[in-house]
Number of protein chains: 2
Amino acid sequence: MVQPEFEFLSNHILKRVQLTEEELNFMLSKFKLTKIKKRQFIVQPGFTAKYRNYVCSGAFRAYVVIDNGEDHTIQFAIEDWWITDYNSFFNDQPATMFVVALEDSVILQLSRENEDLLKQANHKYETFFRISAERAQAFHFRQLITNLTQPAEFRYENFLDKYSQIANRVPQYALASYLGMTTEYLSKLRNKRTSKQ
Amino acid sequence: MVQPEFEFLSNHILKRVQLTEEELNFMLSKFKLTKIKKRQFIVQPGFTAKYRNYVCSGAFRAYVVIDNGEDHTIQFAIEDWWITDYNSFFNDQPATMFVVALEDSVILQLSRENEDLLKQANHKYETFFRISAERAQAFHFRQLITNLTQPAEFRYENFLDKYSQIANRVPQYALASYLGMTTEYLSKLRNKRTSKQ
DNA sequence: ATAAAAAGTTGAACCAGATTAACTTTTTAC
DNA sequence: GTAAAAAGTTAATCTGGTTCAACTTTTTAT
């Protein structure tokens with residue numbers, strides 16, 4: 001019987017493309033199961049992000065550090081999400097982001113070489129990655145619109161609404177920088193909210 | 001001899017995937033040449049975006065209108081760029097954006113049906129769309145980072161640097177809302193800049 | 001267990017950028 | 001060509017959110 005981690009990924013894949021058992025197993029065989037300890041980095045500036053990572057359990061945070069030392073969260077990933085520095089991964093360039101584990105985690109890693117191999121091997125695999133990219137594209141688009149058009153309080157409420165699971169699991173400073181505000185201000189918003197109801 | 005509009009698109013495609021003459025022509029045959037007058041809409045909220053649009057000449061602006069009537073520019077597209085409401089196009093849902101011509105323009109339109117047909121017909125076509133989506137993904141990611149981490153003045157200077165061609169061609173109110181600031185403030189930044197050197 | 005470090009809170013002072021309003025310049029439509 | 005509408009400018013005022021600083025609570029390492 002397959003390990004449960006591969007079971008999660010199987011479901012994820014089959015939701016997006018129809019594969020035969022054989023096709024599925026071939027695809028899965030290209031992934032590498034890796035355990036990551038809390039605070040461990042899976043992507044670091046200066047090094048090329050060699051893997052696309054599927055999170056089976058645990059949580060990650062991607063962030064950039066700018067000149068003055070401030071860090072800005074770009075993405076979170078929990079179970080059933082993907083994370084990497086795509087710019088680095090796709091273009092084989094040094095990463096500009098950090099990706100760090102917020103909890104002890106288990107991930108399935110697909111190297112760029114194996115991804116290319118899959119894409120060439122079978123039209124359906126290519127379809128899978130195309131769909132993933134299209135979804136990510138639409139997701140970031142929506143995020144861009146929200147950041148551009150909505151004030152801080154709405155962004156926070158909205159995030160709570162849509163991703164309460166993540167909101168309650170990640171450190172507050174990380175969430176604040178993801179939402180584009182300071183920890184202090186987020187702390188006030190939180191307080192205001194809980195005292196309201 | 002082919003029309004120059006198709007020539008532009010051919011170059012665009014061949015930069016991303018290697019196709020035989022026959023494969024290229026089949027792909028091109030699925031596009032529809034359309035002339036669009038200034039101020040004409042090619043995507044409107046409430047209607048599904050039926051086409052992905054390649055701009056041969058002219059300029060477009062995608063924007064959303066929020067409750068209070070303010071509009072926010074989400075994307076510009078000039079020659080050799082694509083534009084549509086991808087959320088609507090991919091998911092066959094009513095659009096939430098407007099896409100309007102800023103100049104008299106010529107575009108090549110690919111319907112969702114024809115895109116699906118191409119994706120199924122040949123692995124290489126699928127590769128083309130996958131590459132497009134991946135690039136868009138990386139692009140929006142970078143944009144998200146800039147918006148999150150940089151102050152208004154930097155965002156403007158940076159845009160001038162990277163997209164001077166667009167900056168000098170689109171109305172100021174559209175650029176201001178794209179950069180996440182008011183027209184008045186952008187006007188001040190411009191002034192400050194020109195008086196500096 | 002316990003000390004040290006990291007994360008989160010609270011309040012006062014401040015500022016980047018928004019708002020309002022009156023104006024000038026450019027574009028559009030007839 | 002010309003009037004009206006749209007776009008852009010300028011200055012005064014205002015505010016959502018930041019910064020700074022002192023503090024409390026939670027987490028981490030030994």
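What you see below is based on every heavy atom in this structure, not just the backbone, and it leaves out hydrogens, waters and symmetry mates. Chain A is the first sequence line, chain B the second, and so forth, proteins listed ahead of strands; every chain is numbered from 1. Keep in mind that what you see is a predicted model, and the values were worked out from it rather than measured.
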Members sharing Tyr63(B)'s hydrophobic cluster, built from side-chain contacts under 4.5 Å between Ile, Leu, Val, Met, Phe, Trp and Tyr, are Phe41(B), Val65(B), Phe98(B), Val100(B)
Residues 129-149 of chain A vs salt bridge (Lys or Arg N to Asp or Glu O under 4.0 Å), sequence neighbours excluded, gives Arg130(A)-Glu134(A), Arg130(A)-Glu126(B), Glu134(A)-Lys119(B)
With sequence neighbours left out, the residues meeting salt bridge (Lys or Arg N to Asp or Glu O under 4.0 Å) with Glu70(B) are none
His140(A) meets the side-chain hydrogen bond (donor to acceptor under 3.5 Å, both in side chains) criterion, sequence neighbours left out, with none
Within residues 175-185 of chain B, those residues having any heavy atom closer than 4.0 Å to DNA chain C are Gly180(B), Met181(B), Thr182(B), Glu184(B), Tyr185(B)
What nitrogen or oxygen pairs link the protein and nucleotides 25-30 of chain D at under 3.5 Å?
| from | atom 1 | to | atom 2 | distance (Å) |
| --- | --- | --- | --- | --- |
| dT28(D) | OP1 | Lys38(A) | NZ | 3.0 |
| dT28(D) | OP1 | Arg39(A) | NH2 | 3.3 |

Apart from Tyr173(B) itself, its cluster of hydrophobic side chains linked below 4.5 Å comprises none
As a check of understanding: the bend across the helix from dA1(C)-dT30(D) to dC30(C)-dG1(D), end axes from five pairs, rounded to 10 degrees, works out to 70°
Hits for salt bridge (Lys or Arg N to Asp or Glu O under 4.0 Å) against Asp92(A), two or more places apart or cross-chain, chain-then-number order -> none
For residues 30-42 of chain A, the salt bridge (Lys or Arg N to Asp or Glu O under 4.0 Å) pairs (sequence neighbours left out) are Lys37(A)-Asp104(A)
Regarding the side chain of Pro171(B), the nearest nucleotide among dT19(D), dA7(C), dG8(D) is dG8(D)
Sorted by chain and residue number, the salt bridge (Lys or Arg N to Asp or Glu O under 4.0 Å) partners of Glu184(B) (sequence neighbours excluded) come out as none
Tracing side-chain contacts under 4.5 Å among Ile, Leu, Val, Met, Phe, Trp and Tyr outward from Tyr51(A) reaches none
